K.L.:
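Right, I'll just put the structure down here and ask away after.
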Amino acid sequence: MVFSNLIFIYVFLPLCLVFYYSARSAKLRNLVLALFSLAFYAWGEPVWVLLLIFSAAVDYFNGLFIEKCRIRKRGNPVLGVVCSLVVNLGILFVFKYSAFFIHQINLLTGLSLREPTFSLPIGISFYTFQTISYTVDVYRGKVKAQHSFLSFLLYVSMFFQLVAGPIVRYESVAAEIDERRTTAADFNSGLIRFICGLGKKVIIANTVGQLAANSLTFEKAPTSVAAAWFGVAMFTLQIYFDFSGYSDMAIGLGKMFGFHFPENFNYPYISHSATEFWRRWHISLGSFFRDYVYIPLGGNRKHQILNLAIVWFLTGLWHGASWNFIIWGMGFGVLIILEKLFMLKVLDKLPKFFSHIYALFFILIGWAVFYFTDLGQLGSCLGAMFGAGGIPLYDEVTKSALLSNLYLIIAAAVLSMPVSRLLNEEVQHIERKSGGVFAVSSVIRTVLCIALLAVSSVMLVGQTYNPFLYFRF
Amino acid sequence: MSSKDKGSSLEKRIEAAKAYKKNVKLYNKISIAVILGVIATAAVLLAVLPRPKTSELEKRELAPMPEFSAKALFSGEYFSGIAEHFSDTVPFREQLVVLNSRMKKAMGISSPTFYGTVDIVADDEGNSLEETPVQTEPAQTEPVPQQTDVTVSEKTQENDNAATETSAASETTESETTGIADFSNNGIVVDGVKMYGEDAGVMLFGGNKKQGARYAEIINKYKASLGNVNVYNMVVPTSVEFYLPKKYSKYSSSEKESIDYIYSCLSPDVTPIDAYSKLAEHTDEYIYLRTDHHWSPLGAYYAYTAFCEALGMEYHPITDYTEKVKEGFVGSLYGYTNDITLANAPEQFHYFLPPDVTYSVQTYYYDTLAPKNGGALFHEYVEGANCYGMFLGADAIHTKITTSAKNGRKIVVFKESYGNAFVPFLVNNFEEIYVIDIRYFGTNAVDYIKKIGATDVLFIDNCFAANTSSLIKHIEDLYSSPTGSVVTTVTETETTLSETTASGGKKKKDKKTTEQTIDEKKTTAQKDEQTAVTTAPPKTETESVTATGN
């Protein structure tokens with residue numbers, strides 16, 4: 001299931017809230033949440049839910065094993081980590097990468113090995129990383145092993161972040177899994193956060209996504225330079241609002257149930273360098289690779305460049321089993337290495353404006369690479385962006401698409417900058433001083449929230465519009 | 001400042017902070033209560049309100065509740081089916097869909113310029129490019145089901161092989177699933193299109209010379225087989241030819257070019273009818289519907305005058321006709337695009353009752369040629385989006401019109417839906433008019449024409465149809481299909497015509513057809529008649545209509 005779905009908002013979530021808050025004990029609440037989470041997952045993957053439970057069970061026992069080794073001072077706790085890595089990366093490899101890998105072998109050797117045709121279980125890239133991080137953290141002694149399987153299963157399967165992250169590390173929710181308090185303040189801000197995320201996804205991401213899809217079709221190269229840039233720019237907006245909207249919904253839902261997840265996005269498009277971009281984009285993934293790959297490899301203490309190359313290769317590969325993702329990750333790797341070596345110093349001296357343009361340029365090119373899994377199509381799109389083949393500068397379709405959606409596009413661009421946060425802070429500052437202002441702004445806030453929910457819901461209905469008219473002449 | 005003042009200001013600040021804290025607490029509770037209240041109310045309403053089953057606007061059946069099976073459960077289809085059903089059949093769906101369009105417009109989210117996938121098919125001046133066989137492939141987001149040519153021909157072959165089993169069912173299925181995909185359709189434009197000073201939409205013409213030649217060729221074949229019978233062909237331009245904004249001209253091929261090309265391929269024995277020039281003379285009059293892909297009855301009248309002139313027949317000036325008006329017509333282009341611009345520009349639907357003539361209309365089922373009640377030239381009760389369906393009734397019905405014009409001329413009209421608005425004008429000029437929709441008729445057309453002793457045959461098709469493989473295929477099939485091959489059980493037919501077709505694995509319903517066949521039950525007497533299928537339709541209860549002359 002996904003959050004931006006009427007049945008989630010108006011059936012699943014209300015039921016879950018009712019059951020959760022009518023349960024009184026912490027244990028019972030965990031049970032309710034775990035059952036709803038499994039149902040949430042099984043909704044889309046009725047079979048692979050078993051894989052999720054398997055992965056959780058393996059690391060539950062790994063954690064206990066490591067703890068036992070430590071207490072009895074017998075056996076090697078590293079085995080637990082090895083087991084976790086082998087099982088989880090094995091699962092990930094089989095389901096996500098085996099087809100790609102065998103395809104490459106077939107290409108290289110001319111063999112014709114059968115390419116497996118697994119459908120990718122939803123969220124597998126997220127929950128395998130979460131369970132790995134747990135076992136590693138137990139090994140490192142950063143967290144205690146979880147003794148309740150129910151609690152651990154809940155950590156792995158929590159429906160808020162199960163499908164698309166953020167990658168929540170066990171240490172950040174360890175305390176809350178067993179004991180948490182939900183305050184009205186948390187619940188309210190979580191609810192508002194959820195609705196804002198929903199709006200980001202339904203109103204902005206889906207709309208600009210449509211514009212991107214219209215400009216960047218897979219059938220033919222963009223018809224003009226402007227069409228190519230417009231399409232890539234719309235995809236740039238789409239992927240941010242889609243992904244960060246989803247993270248907002250996850251974080252908001254977490255708060256409604258008493259969990260405090262770390263932030264996953266921090267206005268990535270205001271960055272002035274690739275390095276900064278990756279500190280602001282999908283933060284939970286970047287920090288995962290930093291703490292579990294880059295630093296164990298030696299970080300900046302030994303062969304830093306090699307470490308960076310490995311991390312960025314893996315980051316690319318994590319996004320999908322396809323060359324374009326690898327190129328995308330490696331491209332950022334190269335940029336970040338160059339920035340480390342000398343470019344950051346240069347960028348710092350340049351006016352902010354130029355470094356911003358520099359960062360945005362490569363972010364956009366990056367998303368073009370990300371968009372096309374077919375390298376041929378990618379080539380023709382990049383070609384079109386730089387006017388290859390003498391294509392026209394602009395065309396009427398793009399012009400009309402831009403002009404007729406101008407308000408939305410401007411709004412999306414503004415909202416990808418920290419304007420609303422600044423506004424919020426400003427309002428709060430005034431609110432503190434005057435009860436009257438507080439009353440008015442509270443009413444406005446609530447009304448806006450309901451409006452946003454209503455608009456999103458109506459648009460979700462509208463998105464099912466699917467005319468069956470074949471023009472009977 | 002004294003220490004007392006300091007103290008009191010500090011106290012004040014503490015007070016304010018306390019008050020603020022209290023306010024926040026209150027606000028949080030109220031806010032939660034209000035928002036959850038809204039969600040709960042909506043949840044209850046969604047659970048208890050009746051859910052629609054079909055969508056009038058989209059002309060489709062909404063996703064039904066999936067049937068439970070172990071296979072569907074394990075594949076995940078069962079649950080995703082429930083979710084789809086839930087969001088597809090939201091109470092007040094049609095109103096919410098309209099609200100959605102209005103809202104989007106208000107938020108500055110505009111509809112796309114083009115609906116469907118659009119290719120450049122002409123140079124900047126609008127002249128068609130050399131290579132024009134345009135195969136439109138709906139994009140990912142394109143909602144219209146797509147059927148490849150391969151599948152169509154396979155299906156047809158199946159039909160040929162099992163000729164005795166050919167039923168209207170498979171015929172219907174084929175023509176309907178083919179859908180928009182193999183039309184020479186090139187998307188729809190609403191942006192900037194104006195007709196008669198008001199907002200409108202047009203369908204872009206892709207053009208397909210190869211198909212055009214094939215179309216002419218099959219008409220030549222009919223002429224060759226029919227000997228002395230006069231054969232006419234009229235290819236009707238559509239609104240895109242006259243009303244497409246100039247900036248989009250390279251996205252549509254020239255229909256003039258296409259029509260000229262088809263006519264140049266006709267044998268000299270076939271008479272081409274130049275409807276184009278007549279229509280081109282009257283583009284400031286209401287000759288096309290603005291929100292629909294059809295022409296208007298007035299446009300059909302001008303084409304009719306061209307037809308009469310070519311045949312050397314007299315015709316009444318349009319002022320002799322009784323003009324009638326239906327208000328609030330919003331047609332198929334709105335249904336397809338859901339573009340609020342079109343919904344906001346409803347049109348008047350003008351139609352014309354013929355002067356100085358009486359006529360009677362008998363309709364028959366296509367498959368059995370059994371008579372059917374309720375035939376009429378003008379089904380004047382139609383309203384709203386169905387206005388164009390007024391003429392003759394459903395496309396799936398075969399019509400014979402007997403008129404008071406005792407001149408011995410009998411015409412067979414082979415048409416698609418453009419012909420519907422045209423046929424009523426013929427009642428002043430022909431004693432008997434047989435109207436055959438090429439998409440549904442199932443018996444050998446040449447034998448049929450000979451049997452009824454027709455003097456004239458007209459093939460009337462709009463420019464898209466004359467360039468569309470599946471429609472030409474129908475005309476070809478009618479030419480070669482064996483006589484009386486369409487024996488099928490009556491009861492089955494009834495459902496096939498209304499229930500229609502599987503496309504993309506889903507059952508969809510064509511509302512228009514349904515409405516007109518839904519409440520008809522055939523008598524056993526009629527059922528018996530299907531055993532003796534003849535090409536000459538038996539004459540039974542005929543509904544007489546006398547038109548009022550001016």
Side-chain angles (χ1 to χ4, degrees), chain A residues 1 5-7 9-11 13-14 17 42-47 184-185 187-188 191-192 195 203 207 210 213-214 217-219 223 396-397 400-401 404-408 431-433 435 438-439 442 445-446 449-450 453 455 457-462 464-473, chain B residues 19-20 23-25 27-29 31-32 34-35 38-40 42-43 46 58-60 73-74 76 79 83 86-88 90 93 96-97 99-100 103 107-110 112-114 137 139-141 143-144 176 179-180 183 185 191 247-248 293 332 335-336 338 395 416-418 462 464-465 508:
Chain A
M1 209 189 286
N5 187 326
L6 293 172
I7 203 166
I9 305 167
Y10 294 109
V11 179
L13 184 58
L17 283 170
W43 194 277
E45 301 285 359
V47 177
F187 194 99
N188 187 42
L191 193 57
I192 293 176
I195 292 172
I203 301 174
T207 313
Q210 185 64 53
N214 290 347
T217 63
F218 295 107
E219 285 92 33
T223 42
E396 282 299 329
V397 183
S400 151
S404 52
N405 293 284
L406 199 58
Y407 295 128
L408 178 88
E431 276 176 349
R432 280 177 185 281
K433 288 180 184 155
F438 182 77
S442 298
R445 196 173 288 148
T446 308
C449 221
I450 289 167
L453 177 67
V455 169
S457 302
V458 172
M459 284 186 78
L460 281 174
V461 175
T464 63
Y465 192 80
N466 180 13
F468 181 68
L469 290 181
Y470 53 89
F471 297 100
R472 342 169 89 234
F473 280 111
Chain B
Y20 176 71
N23 283 342
V24 170
K25 264 191 177 163
Y27 154 71
N28 282 332
K29 281 186 183 144
S31 170
I32 293 170
V34 171
I35 297 174
V38 168
I39 293 180
L46 282 170
E58 296 154 83
K59 308 245 184 269
R60 70 178 174 100
L73 178 71
F74 287 120
F79 289 125
F86 188 84
S87 43
D88 211 25
V90 165
R93 173 189 172 76
L96 289 174
V97 163
L99 177 64
N100 176 47
M103 236 168 47
M107 289 190 294
I109 303 172
S110 155
T113 312
F114 294 117
E137 271 194 39
Q140 267 185 318
T141 48
V144 178
E176 300 202 352
I180 204 166
F183 269 109
N185 172 317
D191 174 66
K247 59 181 177 179
Y248 298 134
H293 65 288
S332 62
Y336 181 78
N338 196 23
D395 283 331
E416 33 70 46
S417 63
Y418 262 60
N462 75 76
F464 283 70
K508 309 259 179 176

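We use all heavy atoms of the structure for the numbers below, so side chains are in, but hydrogens, waters and symmetry mates are not. The shown structure was predicted, so the numbers you read here are calculated from the model rather than taken from an experiment. Residue numbering restarts at 1 for every chain, and letters A, B, ... go by the order of the sequence lines.
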K.L.:
Which bit of I39(B) comes within less than 4.5 Å of chain A, counting heavy atoms only: side chain, backbone, both or neither?
P.N.:
both
K.L.:
Heavy-atom distances under 4.5 Å only: say whether A19(B) touches chain A with side chain, backbone, both or neither.
P.N.:
neither
K.L.:
Any side-chain heavy atom of L460(A) within less than 4.5 Å of one from I9(A)?
P.N.:
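Sidechains of I9(A) and L460(A): in contact.
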K.L.:
Quick one: closest heavy-atom pair of R93(B) and S87(B), and the distance?
P.N.:
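Closest approach of R93(B) to S87(B): NH1-O, 4.1 Å.
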K.L.:
Can you tell which of V47(A), L408(A), V458(A) has the highest number of heavy-atom pairs within less than 4.5 Å of chain B?
P.N.:
V458(A)
K.L.:
Could you look at L13(A) and say if it's the side chain, the backbone, both or neither that has a heavy atom under 4.5 Å from chain B?
P.N.:
neither
K.L.:
Could you report the tightest heavy-atom contact between L6(A) and S457(A), atom names first, then the distance?
P.N.:
CD2-O, 4.0 Å
K.L.:
Relative to chain B, which segment of A42(A) carries a heavy atom at a distance below 4.5 Å: side chain, backbone, both, or neither?
P.N.:
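Backbone only.
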K.L.:
Do you know which of I203(A), I450(A), L191(A) has the most heavy-atom pairs under 4.5 Å to chain B?
P.N.:
L191(A)
K.L.:
Under a 4.5 Å cut-off applied to non-hydrogen side-chain atoms, are M103(B) and N100(B) in contact?
P.N.:
yes
K.L.:
Looking only at heavy atoms and a cut-off of under 4.5 Å, which of L73(B), L96(B), I35(B) has the most pairs with chain A?
P.N.:
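Looking at each option in turn, the highest pair count goes to I35(B).
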K.L.:
Could you tell me which portion of A40(B) (side chain, backbone, both or neither) has an atom closer than 4.5 angstrom to a non-hydrogen atom of chain A?
P.N.:
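Nothing of A40(B), per the 4.5 Å heavy-atom cut-off to chain A.
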K.L.:
Is it the backbone or the side chain of F79(B) that comes under 4.5 Å from a heavy atom of chain A, or both, or neither?
P.N.:
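Interface part for F79(B): both.
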K.L.:
Determine the option with the most heavy-atom pairs under 4.5 angstrom with chain B, choosing from I195(A), L17(A), N5(A), I7(A).
P.N.:
I7(A)
K.L.:
Locate the shortest heavy-atom distance separating Y418(B) from H293(B); write the atom from each residue and the value.
P.N.:
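Closest approach of Y418(B) to H293(B), heavy atoms only: OH-O, 2.8 Å.
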K.L.:
Of all heavy-atom pairs between R445(A) and I192(A), which one has the smallest distance, and what is that distance?
P.N.:
CD-CD1, 4.4 Å
K.L.:
Indicate yes or no: at least one non-hydrogen side-chain atom of V24(B) is less than 4.5 angstrom from one of E431(A).
P.N.:
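Side-chain contact under 4.5 Å: no.
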